[in-house]
Structures are given as C-alpha cells and as structure tokens.
Number of protein chains: 2
Amino acid sequence: MRISNKCSMALHILVLLAEFTDQKLTSEQIAKSVGCNPVMVRNLLLKLKEAGLVATRRGIGGSVLMKSPEDITIWMVYQAVDASSFDGFIGLHPNPSLQCPVGKNIYSLLENPYGRIKDGMREAMEAITLQQLLDDYDINMSQSGSPPS
Amino acid sequence: MRISNKCSMALHILVLLAEFTDQKLTSEQIAKSVGCNPVMVRNLLLKLKEAGLVATRRGIGGSVLMKSPEDITIWMVYQAVDASSFDGFIGLHPNPSLQCPVGKNIYSLLENPYGRIKDGMREAMEAITLQQLLDDYDINMSQSGSPPS
DNA sequence: ATACGATGTAACTATTGAAATTACAAGAGA
DNA sequence: TCTCTTGTAATTTCAATAGTTACATCGTAT
C-alpha cells in the first residue's frame, strides 16, 4: 500500500480555502488550481467535510474551512482523505510460504517494527498544522495574488 | 510514490540468511519461502550486495550475510532495495496551475513539512536492527524448524 | 414554479507502476 | 565439457490510482 496524491491535493485545497476566504470557490475553480478533475476535488471535499474540516454548500456552491488552521494537522487531513492507505503503507509480500518457519512468521515479525515506523510518521504528521503551511505561504508570497485563473 | 513490497521481501531474505547459516540457500529456495519469483530474489540480493549487506556466489550459488545483524538497520535495507521511492513517497499532484499563486508555490510549501515526515520515518527505520527481528523470531519460534519446503 | 448552477455519487476508462515471467549470457565447480 | 547457479534485460500481466462521463439532487434567483 502507499500514499497517493490525495493528501497533497487536499492540503492544496485547504490552503486555497484559507487564503481566499473573501470569494466563493467552486470545485471547478479549485480543480483548475490543483490541476485535476473537478470530480476528484468534490470527492476530496466530501471526505474533508465528513471529518469536519470544511463545509460545502449544495445549490449555491462553494466551500469554507470549519476549523482554525492552527487546529488542522496534516495527520487529520491525511486521515480524512486517504486513511485506508496508512494501515499497511509499507507493502507486504502476499504469499510467504506457510511451510517455512520464517515465512509463517514474517508478518508477525514485521508488525512491531513497521508499527514503530508508522508511529514515527504519524507523530511527525500530527506536529504540522495548516497554519504552518500558511506561514510559509505568506513568506514565499509577499505580494497578494489572484486566485486560480 | 510509495513503498513497495521490496523492503519486506528483503527483510524476509535477510532473516532467512541469518537463521540458516549452516546451509546453502539458492535464489530458488529463497523464492519458495518468500512466495515470489526467483528473479525478484536475485534482483534484491544484487541490491543488498551492492550495499555490502550480503555476498552472493555465482556458479556454486548461495548467499551469506556480510554484516552482523546488530549492524543492519531497516533503513539500510530499505535504502538498498527501494531507495528511489523514499524521495517523494508522499505523492504530489503533477499539474498544479502556475497561474494560481497557491498552485505555483504548492511544491515548495510542502517540501519542508514532507521532509519532516520523512525524517520521522527515517529515524524510526534507523532505530530498528535485523537483530531485533531475529530476537522476535526466536521468541515466536521456541523450537527450531526446517527451511523453505 | 421553473430554470440554472452547483454539489453528491456511481460507473466506467485510461494510465501507471509493480511484480511475474521469459529468456539467455556468464561464472564456478564436478 | 556439462550442469547448476547467478546476473540482467525485455516483455507481459496485474492491480491500484487518477481521470472521465453521466446523472440525480439541492438551493437559489428569476
């Protein structure tokens, strides 16, 4: 298993929502900025909504952040949009021999070490907030810019 | 990008080599235990050899560990067999809009946070040795067993 | 009340990357 | 020299991911 582009896309979306609070951003506009399909954006927004990070509006359209950027960690975003990839994001070979004492035990052998690796990763993700990204953004962009295109 | 099965397979191979030092293990036998193709095993052994972790013998066949299990970390193994996946193992969407100020900067925005996540992962990997796996193995397997099948 | 523009959601297709497979050259004994 | 094994490239298969199409549903404005 593995970590897809979804986390990066979701962070991109959240940065957009945080930066352009003054205007309505539709999935179409967001997709332009992210460089992907609007349906993908909608699916991501749905997941973020289920996690309570954003609110979307049917009919009129547009999405808004529902938490302060200091309270949104990368871990929350990742869990929201790609949770299933975490458990087992280090690939396991699927057919170890049950006849071999090593093959029979390899999964349980790797469980603890891999768990520690994932812990290290999770802790790092929990320590980074959306606000930190925004701070970097403000540093990189002294002048304000216009949204998508 | 992502972490393939190679790391798990390579660890499996190293555990085999460490446990069955008394007999010659060919890529064919190892493949039986790992449950994969012998060519894949050879490719992994080649990489492990380049990294100085094992030695292989043409003609006569067989592979042996070249370092003490205490001196082999998961990080070394991972780097040996799947290094290229690490830089960028968190997927990035490939076409952010350069017209949008966020899209234009998203890569540099994510660089630092993602670097910290990878650091967390790398540090955890560096802290786990093959010997620790072997210790777990000995706990799980009080009785000795026979190799592959 | 109805038309319109947006989201919500399923189904399908295309694309990509990993693993398996095939094939064969080359080294090291017996 | 024959045979077994490793070394290595090329090809095929397969699964996962992203993109696409299609359409129902909702809210608002006219």
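Just so it is clear: chains get the letters A, B, ... in the order the sequence lines come, proteins before strands, and each one is counted from 1.
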OP1 or OP2 of C:dG8 less than 4.0 angstrom from a side-chain nitrogen or oxygen of A:T56, does that happen here? yes
From NE2 of A:H12 across to P of D:dA18 the rounded distance in Å is 16 Å
Rounded to whole Å, CG of B:L45 lies from C1' of D:dT5 at a distance of 12 Å
When rounded to whole Å, the CG to P distance for the pair A:N43 and D:dT21 reads 16 Å
A:E28 atom CD is separated from D:dT21 atom P, nearest whole Å, by 12 Å
Taking C:dG8, D:dG19, D:dT8 as options, the one with an atom nearest any side-chain atom of B:L46 is D:dT8
Checking C:dA10, D:dG7, C:dT7 against the side chain of A:S27 (C-beta onward), the nearest is C:dT7
Mind checking A:G59 for me? I need base, sugar-phosphate or nothing, with any heavy atom below 4.0 Å counting as a touch. base
B:V81 and B:L48 have their tightest heavy-atom pair at CG1-CD2, 3.8 Å
Check: Between B:E19 and B:T21, is any pair of side-chain heavy atoms under 4.5 Å apart?
Finding: no
Between B:N95 and A:R42, whichever has its closest DNA chain D nucleotide further toward 5' is B:N95
Considering only heavy side-chain atoms of A:R58, the closest of D:dT28, C:dT7, D:dT6 is C:dT7
**Message:** Under 4.0 Å from OP1 or OP2 of D:dA18: is there any side-chain N or O of A:N5 that close?
**Reply:** yes
Self-check item: Salt-bridge contact A:D87-A:K118 (side-chain N to carboxylate O under 4.0 Å)
Solution: yes
In whole angstroms, the gap separating P of C:dG5 from NZ of A:K24 amounts to 10 Å
Rounded to whole Å, the CE-P distance (B:M40 to D:dA10) equals 16 Å
task = Kindly say if A:N37 contacts the phosphate of D:dT20, meaning a side-chain N or O under 4.0 Å from OP1 or OP2.
result = yes
Side-chain atoms of A:V39 come closest, of D:dT28, D:dA22, D:dA18, to D:dA22
message: Base, sugar-phosphate or nothing for A:K49? Non-hydrogen atoms, less than 4.0 Å.
response: sugar-phosphate
**Asked** Can A:R116 and A:D119 be counted as an ion pair, charged N to O under 4.0 angstrom?
**Response** no
Contacts of A:T73 meeting side-chain hydrogen bond (donor to acceptor under 3.5 Å, both in side chains) (sequence neighbours excluded), chain-then-number -> none
Taken to the nearest whole Å, CG/A:L25 to P/C:dG5 is 19 Å
In whole angstroms, the gap separating C1' of D:dT17 from CG of A:L44 amounts to 12 Å
Phosphate OP1/OP2 of D:dT6 contacted by B:T26 side-chain N/O (<4.0 Å): no
